[in-house]
Amino acid sequence: MSHIGNYDDARKNFTWEISEKELGYVPGAVINIGEYCTDRICRMGKADKLALIWEGHDGHVKKYTFNDMRQLTNTIAAFLKSNGIGDGERVCLFMDKVPELYFGFLGVLKLGAIAQPLFSAFGADSLLTRLEDAGTSVVITQKKHLAKVRTIVPQLPTLKLIVVVDDDGVKPLREKEVAFHMDEAERVDSFDIFPSLAETPSVLHYTSGTTGKPKGAQHVHYSLISQYITAKYVLDLHDDDIYWCTADPGWVTGTSYGIIGPWANGVTQCVTDTGFKAESWYRFLETMKITVWYSAPTAIRSLMKEGIDVVKKFDLSALRHLCSVGEPLNAEAVLWSQEAFGRMFHDTFWQTETGSMMITNFPGMPIKPGSMGKPFPGITAGVVDLSTFEEITTPGLVGLIAIRPGWPSMFRTYWKNEATYQNKFKNGWYLCGDRASIDEDGYYWFVGRDDDVINTAGHLVGPFEIESALLEHPAVAESAAVGKPDPVNMEVVKVFIALKPGIEANKMLELDIMNFVRKKLSALAMPQDIEFVASLPRTRSGKIMRRVLRAKEWGEDIGDISTLEND
Ligand code: 6R9
């Protein structure tokens, strides 16, 4: 049984106070996410319940109860404190999906510091941009990623400490570097948890935009009110569920619904640190007896490619609820999941900035395959005109997705960039930067992004970061990065490059440029296709018209190009 029945009734009766009451929070009181996910669950009689079942890439399994998690998060918080780190400082978690990443995140929050999770796949440049912007004090990492951190240390004057969670003593640690072994450390049973209030900063998640460097969306501890109740209602979490969120905590899905939401509900989570492979994912679902699964369209499309026969080899009878996020979920994928698992994936739409789900397919609500569903109860949403920002009330007309500000997990600013934050609000709405239409039944249909950000496999990649990296390549004069259609990843990065005079385009150079970006930024940001051009289309004011290049890739109408510079 879902927690609340009918969508319309839920919408009528819902207030955020329901969540506050369930969490025992009263306005003005202390609210610390780290405490809520661990100590509070133990106090509710679940100390011996499993919090995390983790599987490493070599098949090694580790299990931790809520009491283990309570103590280990204390231990990490105490370790940081004893090294002189205090509240408000930014602590970056730069690790694969190991237990230390999950407990480190909560430990940082217990200390009152700000957790800054970053993908371990990031190259040195991607890492530097984000640590520099945040003025980060600590990086917690694994020895396999230490080399990347070391190359940028000289450029990070604010960095005080680098914690290595799996140091084996083979290579000597350097200045500022310390070893910490979570599983062997003497456990701290009681830690003086920082008395954070609703508006105390909690998490800093970097996200990419069209222009400028990635921006740090800053969240606060009060976000828990949204994350707890959306996890409960939309993911339909119950006490006996075994839940799997496939997202990496470098992405907001991996923290809001891979750490905070489920654990604040006292639910057992499974994590696998193995990469994607259809058979190993099905095996994981089977052996862990996963009941609720939150994944993403790219993964689902990859599973579709392997075919239904593979699914049928496994006993997935425990599975009862499936959700998806990150990109448009094609109608075919929804129908395929019905055939493969006997259940439809429930699409959910939200963003780093929103901190929690905004538009969702509620359990029990009829699914229209291809639609993102309807606003979560408590969320007032609409689509607004592209230029006047007035609400569009005609069904089927496309506008910008807009949300009325004030939900608990709304980001509070972009780190050191209040002007860009303010710019996201127009006519009393927060604008997501996406286009959609609403049908006569109130269902939202995604159309596309309203900017040049590339969504590859559910990850947002800013063209600016790629173009900046490319400029450092000795052969490149200028470039433009756009998303190109891809059957599995939705989009992949394509770059148009004008070479410096006298340099000739060839296959070797192409591969060299691809590798250059992969190493500097990440595999996702690496161009899958390079087209060498004599010059790039520009506006009269000199801006590169990515829109023109993108439209060609998608076979779309180029639109108004009257502002295009004459060549
Ligand atoms: C949670 C997350 C946000 C952007 C968003 C939109 C796209 C997310 C979607 C979706 C279509 C969905 N997006 N969910 N597009 N249907 N169900 O993904 O955060 O990384 O900040 O990305 O992703 O473009 O604006 P984030």
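In each ligand, atom 1 is the first atom listed, and ligand 1 is the first ligand listed.
- Protein heavy atom closest to atom 24 (O) of ligand 1, with residue, atom name and distance, is Asp434 OD1, 2.7 Å.
- Comparing Met357, His346, Glu327 by heavy-atom distance to atom 12 (C) of ligand 1, the nearest is Glu327.
- Protein heavy atom closest to atom 4 (C) of ligand 1, with residue, atom name and distance, is Arg449 NH1, 3.7 Å.
- Side-chain atoms of Trp554 come within 3.5 Å of backbone atoms of Gly483 as a donor-acceptor pair (strictly under, hydrogens ignored).
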(request) Could you check Thr413 against Gln218 for side chain to side chain donor-acceptor pair (under 3.5 Å), going step by step and ending with a plain yes or no? (result) CA-CA 6 Å; Thr413 191; Gln218 195 213 288; over 6 Å; no
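- Residue Gly433 places every heavy atom at 4.0 Å or more from ligand 1.
- In terms of protein heavy-atom proximity, atom 3 (C) of ligand 1 is nearest to Trp350 O, 3.6 Å.
- Although no hydrogens or angles enter the test, the distance criterion places a donor-acceptor pair under 3.5 Å between the side chain of Arg404 and the main chain of Gly428.
- Summary of contacts: the protein heavy atom closest to atom 11 (C) of ligand 1 is Pro328 N, 3.1 Å.
- Contacts of Ile359 with ligand 1, taken as heavy-atom pairs under 4.0 Å, are absent altogether.
- Contact annotation for Gln351 and ligand 1: heavy atoms of both the backbone and the side chain come within less than 4.0 Å of the ligand.
- Residue contact check: Val252 has heavy atoms under 4.0 Å from atoms 1 (C), 19 (O) of ligand 1.
- Aromatic rings of Phe411 and Tyr421 (six-membered ring for Trp) have centroids within the 6.0 Å cut-off, being under it.
- Ion pairing of Asp133 with Lys213 is absent here, as no side-chain N (NZ or NE/NH1/NH2) approaches a carboxylate O to less than 4.0 Å.
- The main-chain N or O of Ile31 is found under 3.5 Å from a side-chain atom of Ser196 such that the two form a donor-acceptor pair.
- Aromatic rings from Trp251 and Phe119 are positioned such that their centres are separated by 6.0 Å or more.
- Residue contact check for ligand 1: Thr348 places a non-hydrogen atom closer than 4.0 Å to it.
- Classification of Glu491 and Arg449 as a salt-bridged pair fails, no side-chain N sitting under 4.0 Å from a carboxylate O.
- For ligand 1, the atoms lying closer than 4.0 Å to a non-hydrogen atom of Thr253 are 1 (C).
- Using a cutoff of 4.0 Å between basic side-chain nitrogens and carboxylate oxygens, Glu465 and Arg130 are scored as salt-bridged.
- Formation of a donor-acceptor pair under 3.5 Å by the Ser356 side chain with backbone atoms of Ser226 is not found in this model.
- A donor-acceptor contact closer than 3.5 angstrom is absent between the side chains of Gln142 and Ser120.
- Atoms of ligand 1 lying under 4.0 Å from any heavy atom of Phe349, numbered from 1 in the order shown and given with element: 5 (C), 6 (C), 9 (C), 10 (C), 12 (C), 14 (N), 17 (N).
- Defined by atom type and a distance below 3.5 Å, a donor-acceptor pair is missing between the side-chain atoms of Glu353 and Thr207.
- With hydrogens left out, the protein atom closest to atom 2 (C) of ligand 1 is Trp251 NE1, 3.4 Å, a heavy atom.
- Between Leu460 and ligand 1, a contact under 3.5 Å exists for no N or O pair.
- In terms of protein heavy-atom proximity, atom 23 (O) of ligand 1 is nearest to Gly326 O, 3.4 Å.
- An N or O contact shorter than 3.5 Å links Asp347 to ligand 1 by distance.
- Comparing Thr352, Asp450, Asp451 against atom 26 (P) of ligand 1, the shortest heavy-atom distance belongs to Thr352.
- Atoms of ligand 1 lying under 4.0 Å from any heavy atom of Asn455, numbered from 1 in the order shown and given with element: 7 (C), 23 (O).
- Within ligand 1, the atoms closer than 4.0 Å to a non-hydrogen atom of Met372 are 16 (N), numbered from 1 in the order shown.
- For Ser324, no nitrogen or oxygen atom sits less than 3.5 Å from a nitrogen or oxygen atom of ligand 1, counting backbone and side chain alike.
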